Amino acid sequence: MLNKIKELYHFRELLKNLVIKELKLRYKRSVLGFLWTMLNPLMMMIVLTIVFSHMMRFDMKNFAIFLLCGLLPWNYFSHSLSMSTMSLISNANLINKVYIPKAVFPLSIIFSNMVNMILSLIPLFVLMIFMGIEIQPSVMLIPILLLNLILFTAGISLFLSCLNVFFRDFTHMIEIIVTAWFYLTPIIYPIDRVPSKYEMVFKLNPLVYIIGSFREVIFYGRVPSFSFMINSIVVAFVSFFIGYWYFYRNEKQVIYYI
Amino acid sequence: MTDNLAISINNVSVKYKLFHERPLTLKETAINFLKGKRDKYEYLWALKGINISIKKGETVGIIGQNGSGKSTLLKVIAKILEPSEGKIQYDGKLSAMIELGAGFSAELTGEENIYLNGAILGLSKTDIHKKFDEIVEFAELEKFIDIPVKNYSSGMYMRLGFALSTAVDPDILIIDEILAVGDESFQKKCFKKLNEFKQKEKTIIIVSHDLNSIERMCDKAYLIKEGKLISEGHPKEVISFYRNLISRGEIEISNIPNRLGGGEIRIKEVRFYNSSGVATDYFNTGDTLKVRIEYHASRRIDKPVFGVAIYSEDGVHINGPNTKLSGFEIDFIEGEGALEYIIKSLSLMKGSYYFAAAIFDYTCTHPYDYWDRCHHFYVSNGSINEKHGLLYMPSEWRRV
């Protein structure tokens, strides 16, 4: 496994180039370019804010910001998942022709999406200043939270990209799972609205820690509790190592199925 | 591994699972599992017990019919496939050209693709930066380097792919069948580059159907049949062994679309030669083309008729002479022999052409051996400026 990590390090130039390619292809032919990255969550925020605070009378102060704090990491997670699930299959030609550590394909998606994620934090902060919400020093924790988010997403992405080569219908299943996961994670509602009898279910949902911590830090402006932070770090590393382990155990078989 | 070896292949085998009913989806797998149905598959050995040692600075060719396992072997050497058994050891940096431009991204420009593909081949940014001009120059793409490669012609695409693969400056270069593409001037360039590699004492491994170029370029050849190494040695000897197997019918060349006949006489070999007597498949319009048909008659055959035909790539029947129609009567043949058909000045325009060769009985109704469009040759324009149609007919214009 250590050798594999070394090899991956050797191919960091490729990883960098693939990330640049992803970003270039995404923005090449669109007039608004990088603005799309920022506009997309803003649009969704506006729609959801109208629906929840005006139609469903979900009464909360600064609901828009509250929403965005959960929506941005969620978008990162779900986009990365659906893109990387297809990443090995869509690069089948290359995998058959050149020797490359295959992990670079899902990982390039993880990293290019992270660039988008970080960029989309900009309009969030602008919006907060605009709405007169004070940005607390707790935002200094954001780099750690991003790292957790990357590790967690990378683990699941590595796992799925490999699994999808063996079972091609997994893509459809992912859509269902992701949709369910969205509603089962406190993104459009605060966690304290969850009835106590379901509390256990939510405690087992790793995204509660991974995504929830962003809201703590940015929206509530407070440092999450120690156990909350530990949970989120542990969850991230466990996900990463399981995904990574599965990927490298099955990587060699990929060529026969692709 | 001893010092002077570039690659040492030890007892390498590759097996594929050959599925009869392969579940591709989770749904099918689950249903099969519930029904208690096991996956039906058997193992297919694509390679079995291959042992090859390639010395540093050697150029070796791997030959064999389609499906013999030679491409699998190449993929194993290129690390794309992991062998099921055995081990391969390397000494030196490896670069494989299994398909030129495999990693190009259509929407990106030539320049962006150079950086991306350079990285795929394991080059660092500074390496690529240093070699950038050289790559562009070799590919002759100075004017086109900032347009997306989807707008490139296939020639430009190939040139860029080749330029990139050689820019890696590998110690071991692996080439699969790619020298058969591109126009003549590009081919010459590629061969020149490969010769430079040879002079620099680099190791080159070539897989090709083009036996002539294997014979010309390689120091050693390996023949693979049904996943096993059956002959190795001097290219001339290995190739003649291979041709022998083909003529005896022990290897059916699967890319032969049509071979029929009674078999009393077998055509062993059809080869094309240019005016200086060098075997080649590449000609210019106006060149002399000589076809040599080698045969083996298992018994005395009276009054055989040799016939040939040329077809264009899209199947137009261009000519079809035979010895009877030309008044070149042959009394009888027996045992080994050869016949030559010579076109003094080739009138064909640029393109790739099929060649058919046959031996019939005197009534021209019974074929002894008929290789229908099993060979091809390629024609380039040369000094001819005409562009259209199939034929070049020497002519002049006059104003009256």
Side-chain angles (χ1 to χ4, degrees), chain A residues 4 7-30 85 89-102 104-105 108 112 160 163-174 176-177 248-258, chain B residues 14-19 22-30 41 46 71-72 74-84 94-109 112-128 148 161 164-165 174 176 178:
Chain A
K4 285 287 178 184
E7 188 180 35
L8 212 54
Y9 177 74
H10 186 74
F11 276 86
R12 64 193 183 281
E13 195 73 35
L14 172 60
L15 195 54
K16 200 177 88 192
N17 272 284
L18 284 174
V19 170
I20 293 170
K21 176 190 131 184
E22 289 287 337
L23 292 172
K24 267 188 181 154
L25 289 183
R26 198 173 307 170
Y27 299 113
K28 202 146 207 182
R29 269 166 217 284
S30 65
T85 306
I89 290 169
S90 54
N91 283 296
N93 187 39
L94 202 52
I95 291 172
N96 266 307
K97 299 288 152 53
V98 196
Y99 174 72
I100 309 171
K102 294 171 192 64
V104 295
F105 298 113
S108 69
S112 65
L160 291 179
L163 197 67
N164 197 46
V165 173
F166 306 130
F167 305 109
R168 300 288 169 102
D169 57 346
F170 220 83
T171 329
H172 309 297
M173 215 131 110
I174 300 289
I176 302 165
I177 295 172
Y248 279 113
R249 259 186 64 111
N250 293 284
E251 184 193 30
K252 284 173 197 165
Q253 290 301 318
V254 164
I255 191 114
Y256 296 104
Y257 288 84
I258 214 159
Chain B
V14 172
K15 64 178 173 186
Y16 286 98
K17 258 186 198 171
L18 201 65
F19 285 95
R22 168 173 158 184
L24 260 176
T25 62
L26 194 66
K27 195 179 86 191
E28 282 167 27
T29 311
Y41 62 82
S71 294
T72 306
L74 208 68
K75 280 188 176 175
V76 172
I77 299 176
K79 297 188 194 172
I80 297 167
L81 265 180
E82 184 117 350
S84 322
L94 190 82
S95 171
M97 286 196 248
I98 308 278
E99 184 185 298
L100 289 180
F104 286 170
S105 183
E107 294 284 339
L108 297 182
T109 67
E112 288 161 343
N113 265 304
I114 288 179
Y115 281 96
L116 176 61
N117 277 269
I120 287 175
L121 296 167
L123 289 177
S124 74
K125 197 175 174 180
T126 40
D127 286 341
I128 303 168
L164 259 164
S165 304
I174 297 174
D176 185 16
I178 50 179

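Chain letters run A, B, ... following the sequence lines, proteins first and then strands; every chain starts at 1. Everything numeric in this text was worked out from a predicted model, so none of it was measured.
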To check you understand the geometry: which heavy-atom pair defines the closest contact between [X] and [Y], and what is its length?
X: A/Leu25; Y: B/Ser105; answer: CD1-OG, 3.9 Å
X: B/Leu116; Y: A/Lys21; answer: CD2-CD, 3.4 Å
X: B/Ala78; Y: A/Tyr99; answer: O-CB, 3.5 Å

Check whether B/Ser71 gets within reach of chain A through its side chain, its backbone, both or neither, counting any heavy atom under 4.5 Å.
neither
Applying a strict 4.5 Å limit to non-hydrogen atoms, the region of B/Leu123 in contact with chain A is backbone
For the [atom1] atom of [X] and the [atom2] atom of [Y], what is their distance to the nearest 0.5 Å?
X: B/Lys125; Y: A/Asn17; atom1: NZ; atom2: CG; answer: 8.0 Å
X: B/Ile120; Y: A/Lys97; atom1: CD1; atom2: NZ; answer: 13.0 Å
X: B/Phe104; Y: A/Asn93; atom1: CZ; atom2: CG; answer: 12.0 Å
X: B/Asp127; Y: A/Glu13; atom1: CG; atom2: CD; answer: 8.5 Å

Okay, A/Leu15 and chain B: the region with an atom under 4.5 Å from a heavy atom over there is neither
Is it the backbone or the side chain of A/Asn91 that comes under 4.5 Å from a heavy atom of chain B, or both, or neither?
neither
More than 12 heavy atoms of other residues, nucleotides or ligands under 6.0 Å from CZ of A/Arg12: yes or no?
yes
Output all residues satisfying salt bridge (charged side-chain N to carboxylate O under 4.0 Å, His left out) with A/Lys252, sequence neighbours left out; order by chain, then residue number.
B/Glu82
